[in-house]
Amino acid sequence: MSVRESAAVRTDLTEAAGVDVVPGPNLVLGGLEAFSHPELPALVVAAAAAGFVRIGLETGGGPLNVGENAAGAIHVGVRHLVIRFVPSVADDDPVATPIRASDAALAGIRAFISAAAAVDQKVAVSAVVPACRHTAPLLPVAVAELADAGVGAVRLVADGEGAYGSAAIAHVSAACDTGVVNGVWVEVEGIVLPESHAAHCIIGDG
Amino acid sequence: MSAPLKVVLVGLNSPGYQSLALGYIRAYAQSDDRLKGRVAFQTLDLTVDVDPWWVAYRVLPLEPDVVALSVTCWNARHVFDLCRIIRAASPHTRIVLGGPEVGPVAEQTLESHMEVDLIVRGEGEITFAEVLYALTRGRDVCRVEGVTARRPDGFVVSAGDRALIADLDSIPSPYLTGVMSPVDGGAYLETYRGCPHRCGYCFEGKGYGRVRSFSQGRVEAEIRTLAESHGVSSFSFIDPVFNLTQDRLEWLSAALAPYAANGLRLHTVEVDIERVDDDAAALLKRAGVCSVETGPQSVGAAALAECRRSFDPERFSTGVAALRRVGISVECDLIIGLPGDSTEEFFEGMEFCLALDPGRVQTSTLHVLPGTDLWLRAEELGLIFDVEPPHEIIATPRISYVDLRRAEVRATWIQRQYEARL
Ligand code: SF4
């Protein structure tokens with residue numbers, strides 16, 4: 001069984017969420033949740049044996065908090081993470097909902113980065129965040145939180161149909177600026193930003 | 001005989017570095033017969049991350065008559081903080097500065113930093129020894145060639161320039177004299193001064209003109225002593241271009257080869273990559289080189305012309321490939337914010353370098369350094385930069401402040417992606 005036959009794979013980091021192309025061969029395993037694949041460690045090992053030099057996983061991030069997943073991923077050869085990140089707000093009742101869904105993802109990112117640091121291994125973590133009119137106000141905070149967790153780039157992807165009002169565009173632009181001041185590169189796909197922030201827009205399908 | 005003049009040399013280095021400059025000026029002054037028994041030296045080789053208050057805590061108990069520091073754009077703020085503290089706590093102590101950050105702007109520096117007494121311009125070894133001689137004899141230091149100083153009446157005056165040192169071997173080796181000892185198995189070596197190139201952003205080509213070399217015998221003695229008696233296993237050559245000529249490369253390779261065979265390694269030597277072919281790569285490998293640093297700094301025609309740099313993509317690629325074939329990692333350097341460059345051209349440069357898969361791509365933001373060609377032409381070129389060290393570029397006619405910051409962040413992410421690999 002080849003790596004290609006056994007998983008949803010992407011050979012281009014850009015296609016998954018990486019913002020820029022680096023020489024390969026590179027590979028991202030996932031599609032949606034890499035850790036749901038029962039043979040994930042074997043797949044990564046096979047990918048490394050096949051000559052891929054940058055191997056990434058697409059994940060919601062939460063599974064990295066489970067057991068030895070973070071350290072294990074580093075150990076078998078994962079060097080890139082693409083986090084599917086959905087911003088969420090804290091419930092009014094912190095007892096009823098003590099942890100936001102996005103907190104698990106942030107904790108997972110931290111676990112992966114500290115596992116890499118423990119063995120002096122360089123890794124790159126990016127996040128893909130859906131952006132719609134309703135979530136737009138959450139985006140600047142989401143970018144700040146991702147930056148604090150150690151993410152190096154965020155891709156904000158238009159989610160849903162319809163035009164974005166000026167308020168939503170202002171939030172998306174603010175998210176880009178939040179990224180820059182926190183050392184995180186933010187790119188925006190599917191939303192037209194004003195000229196002042198056009199540098200963050202991906203032309204075409206990215 | 002009166003008590004010797006107490007001289008404290010303070011190095012505020014980047015972490016992991018030692019100040020070779022202070023080693024040279026101390027080795028030279030200590031060898032000056034006129035100063036024997038009249039001057040007592042002490043060196044504090046510290047790092048720039050130590051709070052200036054704690055550096056002063058180390059300096060002041062030594063009750064120095066003279067404190068001397070070498071200033072670069074990277075340590076200047078700390079140096080001036082330290083000088084202010086020393087001046088306040090010990091008004092009689094003379095504070096002497098030298099180095100590329102202050103030499104080219106000596107008068108302006110003294111005008112704006114009342115805590116500093118004297119600046120040694122250009123090469124420091126002879127001038128500093130002459131300053132000490134003048135002080136021990138009660139003579140006027142303002143007359144010493146290469147000095148800019150504040151007179152007792154407060155006026156700042158500059159004596160004439162001092163000629164470059166013709167015979168570099170007249171500077172005793174800091175290692176062979178025991179003035180400096182290697183730290184953590186590593187040592188810095190310099191085999192020549194000056195640079196044949198004239199890159200607009202660099203002080204090296206502008207400041208020291210023609211190339212002058214230490215003798216082969218002197219360099220070989222340093223290599224031998226460091227490797228055999230001090231167990232040094234890692235050399236950092238600070239030469240601007242390690243493969244300056246084929247003859248030099250052959251000689252250095254032969255001198256280093258016996259030690260390289262026993263594990264000696266050279267890290268991040270600067271090379272002119274367009275002159276590296278398979279033979280040169282083999283010589284570098286034989287010398288123990290495991291990584292090199294090189295340009296192109298930019299691939300944009302306008303920026304290259306403004307900076308007086310040449311760039312031949314084909315020869316550059318050939319050089320990287322030759323080094324990769326023998327297992328030498330290449331660090332390609334690019335500068336954000338060069339005059340003439342747009343952000344698109346900067347990222348084209350990154351794309352070019354990444355496509356070569358060199359091992360490392362290092363980006364940095366332009367610093368408009370005192371005394372460099374870009375510093376002299378800043379107004380003409382429309383370069384807006386921070387007048388305070390480290391003189392980072394704020395905006396250029398083609399890249400706004402905001403786009404420079406964006407480019408820095410995006411470049412860092414690309415680097416991180418590249419380096420995260422098996
Ligand atoms: S950048 Fe390098 S090659 Fe250019 S002048 Fe400076 S030392 Fe010489």
Side-chain angles (χ1 to χ4, degrees), chain A residues 13-14 16-28 44-45 47-56 74 76-82 112-113 116 121-126 143 147 150-155 173 176-187 196-200, chain B residues 16 291 316-317 320-321 323-324 327 329-332 334 336-337 341-365 392 394-396 398-422:
Chain A
L13 285 168
T14 302
V19 176
D20 289 284
V21 183
V22 290
N26 307 317
L27 177 81
V28 175
V44 176
V45 170
F52 288 101
V53 292
R54 290 179 190 80
I55 301 170
I74 301 287
V76 293
V78 174
R79 299 290 176 262
H80 291 250
L81 278 188
V82 180
F112 181 76
I113 288 172
Q121 181 59 61
K122 288 183 178 165
V123 292
V125 182
S126 60
V143 169
V151 161
V154 175
R155 177 177 284 198
S173 300
C176 296
D177 294 337
T178 301
V180 172
V181 298
N182 286 288
V184 169
W185 180 241
V186 178
E187 285 202 344
S196 61
H197 287 73
H200 293 274
Chain B
S291 58
F316 193 100
S317 309
V320 172
L323 289 168
R324 298 299 279 157
S329 175
V330 181
E331 177 181 312
C332 292
L334 290 157
I336 306 171
D341 251 355
S342 62
T343 47
E344 290 76 19
E345 281 162 319
F346 167 74
F347 285 109
E348 276 168 28
M350 277 203 97
E351 225 171 279
F352 169 80
C353 294
L354 287 167
L356 302 176
D357 201 2
R360 189 140 195 254
V361 177
Q362 182 67 41
T363 63
S364 60
T365 306
E392 193 153 313
I394 291 173
T396 79
R398 298 197 69 190
I399 314 181
S400 70
Y401 173 81
V402 168
D403 283 336
L404 278 169
R405 307 300 66 95
R406 285 175 175 149
E408 289 168 340
V409 172
R410 186 174 169 213
T412 302
W413 168 239
I414 297 172
Q415 281 171 257
R416 197 190 296 187
Q417 282 185 290
Y418 180 59
E419 289 171 10
R421 56 167 293 161
L422 288 170

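Below, read A as the first sequence line, B as the second, and so on, with proteins coming before strands; counting in each chain starts at 1.
Closest approach of A:V184 and B:V409 over heavy atoms only: C-CG1, 3.4 Å. Across A:A124 and B:A420, no two heavy atoms sit closer than the pair N-CB, 3.6 Å.
Within the 4.5 Å cutoff, side-chain heavy atoms of A:H197 are placed close to those of B:R406. You'll find the side chain of B:R410 reaches within 4.5 Å of the side chain of A:E187, heavy atoms only. A 4.5 Å side-chain heavy-atom check between A:K122 and B:R416 finds every atom pair outside the cut-off.
Only the side chain of A:D177 has a heavy atom closer than 4.5 Å to any heavy atom of chain B. Proximity to chain B is limited to the backbone of A:V125, based on heavy atoms less than 4.5 angstrom apart.
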Please lay out, stage by stage, how A:R79 and B:L422 fare under the test side chain to side chain contact (heavy atoms under 4.5 Å, CB included).
-> CA-CA 7 Å; A:R79 299 290 176 262; B:L422 288 170; 3.7 Å; yes

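In summary, the side chains of B:R421 and A:H80 do not present any donor paired with an acceptor at a separation below 3.5 Å, with no hydrogens or angles considered.
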